[in-house]
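Encoded as structure tokens, the structure appears first; notes follow it.
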Amino acid sequence: MSRKEINIGMIGYQFMGKMHSHAYRDLSFYFEDTLKPVLKAIAGRNETAVIQAAEQMGWESYETDWRRLVERDDIDVIDIVTPNHTHAEIAIAAAEHGKHILSEKPLALTVEDAERMKEAVEKNGVLHMICHNYRFAPAVQYARKLIEEGKLGQIYHMRANYLQDFIMDPSFPLIWRLNKEVSGSGALGDIGAHSIDLARFLVGEISEVSGMMETFIKERPLPGAGQGLTAKTENSEYGKVTVDDAVAFLARFENGAMGTFEATRFAGGNRNKNKFEINGSKGSVRWDMENMNNLDVYFEDSPAGLQGFRSINCTEEVHPYAEAYWPPGHIIGYEHTFINLMHAFMKGIEAKESPSPNFVDGVRNQKVLAAVETSASERKWVSISR
Ligand SMILES: NC(=O)c1ccc[n+]([C@@H]2O[C@H](COP(=O)([O-])OP(=O)(O)OC[C@H]3O[C@@H](n4cnc5c(N)ncnc54)[C@H](O)[C@@H]3O)[C@@H](O)[C@H]2O)c1
């Protein structure tokens, strides 16, 4: 019997555009139990470049204005993989045209915009998700299962670092990620938002924060053609960096746990070190994206002499999502976290429920981002309202 199909329209086609395209293409290869995404149309402003992207990534058609894509009757889902300042306008228009929406993170530039997006999807009855893909690593899903089952007991600590180093060179250009009007914030919203999502997924809601932020390189050469993570420029004209290069904050969770968070793009030698450790009364877990198939676990009730962390390769049938891929020990990678997330979205569309993380989670995450910024600028603890 042929599978039910769903038509995707995607806006943007660079880093995340390529990642999402790949995930849609592979989804039905690994998962037979849900809708089959069809790469119907892609939107970008430069016609030559968007045609080339459509051909390379397998999209059936293209538009040079995202508004036309959102209006098309043959599109069921709008996928937003453009810089952060565009998310709100696109998502609200897509919701008003009755499209389901997958938005990249952070949801918006401000809490107000994030709330407008949430209101639009709720008012128009469309389904929605935000792309916090790291939750969907089998090892992270398994950590959540252990915590839900009480295997770690009462949670005392979450320690999360998201460390990168791609802008350490002062001649690295002033790409959109370093412009507050386009990105909202720097390391905080770009990578710290992922740690906040992991914290909310694994430990619970954050109730208050105390943070500090720093911009080490205040001016940078204006960008050339490239705006990605490996951009280069010959430009001798400079502009001001308007976001944080690094952020650190303390957090209290509603359930009494303590959190310590750090997000930086100045941690030399750390390319994409997204890691956390959680300690509870009965045990601990720790995970590191650069070794993403493994979850280190420690249990207080292990026999004396055998106590200590051990590493579980989360590729067995019992580990969430692992069965969809390869035999035990045959590991998966970064791209599979996106396939798993989109599988959850397709199942959600079938069930008419927006899976977590959705725009409600996006608003909550945005409130934590805003509270950290306020705390850093006013040098005080800031509470986060429900
Ligand atoms: N989930 C993750 O792990 C992850 C990783 C990287 C980026 N992101 C998020 O994905 C989004 C895109 O980031 P990226 O790294 O792919 O950026 P990018 O710079 O590589 O690509 C951005 C794309 O958007 C297009 N674009 C820019 N402005 C536009 C506009 N006004 N209208 C239409 N198209 C426009 C560009 O031409 C390009 O195709 C951001 O929100 C970012 O925070 C998420």
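What you are looking at is a predicted structure, and each value in this text was computed from that prediction instead of being measured. Just follow the structure's listing: the first ligand is 1, and inside any ligand the first atom is 1.
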- Can a salt bridge be assigned to the pair R200 and D361 using a cut-off of 4.0 Å between side-chain N and carboxylate O? yes

- So the atoms of ligand 1 within less than 4.0 Å of a heavy atom of V81 turn out to be 12 (C), 22 (C), 23 (C), 24 (O)

- Message: Is there a polar contact between ligand 1 and N84, counting only N or O atoms under 3.5 Å apart?
- Response: yes

- Message: Taking distance alone, with N or O pairs closer than 3.5 Å, would you say H85 contacts ligand 1?
- Response: no

- Task: Verify the distance criterion only: is there a donor paired with an acceptor across the side chains of N124 and H97 at less than 3.5 Å?
- Result: no

- Message: Under 3.5 Å, is there a donor on one side chain and an acceptor on the other for T233 and R220?
- Response: no

- Task: Check whether the ring centres of F338 and H20 lie less than 6.0 Å apart, and answer yes or no.
- Result: yes

- Message: Side chain or backbone, does P106 bring an N or O within less than 3.5 Å of an N or O on ligand 1?
- Response: no

- Message: Which residue and atom name correspond to the protein heavy atom nearest atom 35 (C) of ligand 1, and how close is it?
- Response: T82 CG2, 3.5 Å

- Message: Is C131 close enough to touch ligand 1? Criterion: a residue heavy atom under 4.0 Å from a ligand atom.
- Response: yes

- Task: May I ask whether H87 has any heavy atom positioned less than 4.0 angstrom from an atom of ligand 1?
- Result: yes

- Query: Do we see a donor-acceptor contact under 3.5 Å between the side chains of E300 and Y298?
  - Reply: yes

- Item | Under 3.5 Å: donor-acceptor pair, side chain of T110, backbone of D113 | yes

- For ligand 1, which atoms have a heavy atom of T86 less than 4.0 angstrom away? 31 (N)

- Query: Any Lys/Arg nitrogen of E262 or K275 sitting under 4.0 Å from an Asp/Glu carboxylate oxygen of the other?
  - Reply: no

- Task: Write out the residue and atom name of the closest protein heavy atom to atom 42 (C) of ligand 1, then the distance separating them to 0.1 Å.
- Result: K105 O, 3.6 Å

- More than 12 foreign heavy atoms under 6.0 Å from CG of D73: is that the case here? no

- Should you measure from each heavy atom of E104, which atoms of ligand 1 turn up under 4.0 Å away? 1 (N), 2 (C), 4 (C), 8 (N), 9 (C), 10 (O), 11 (C), 41 (O), 44 (C)

- Taking only heavy atoms of P83, which atoms of ligand 1 are found under 4.0 Å from at least one of them? 22 (C), 24 (O), 26 (N), 27 (C), 28 (N)

- Just let me know how R45 lines up against ligand 1, side chain, backbone, both or neither, with a heavy-atom cut-off below 4.0 Å. side chain

- Does the pair D165/R271 count as a salt bridge with the N-to-O cut at 4.0 Å? yes

- Item | H132, Q14, R177, M16: member with heavy atom nearest to atom 15 (O) of ligand 1 | R177

- Query: Going by distance alone, is a donor N or O of one side chain under 3.5 Å from an acceptor N or O of the other, for Y162 and Y134?
  - Reply: yes

- Query: With a cut-off of 4.0 Å, which atoms of ligand 1 are near a heavy atom of H194?
  - Reply: 1 (N), 2 (C), 3 (O)

- Query: Considering only protein heavy atoms, which is closest to atom 13 (O) of ligand 1, and at what distance to one decimal place?
  - Reply: W176 CZ2, 3.6 Å

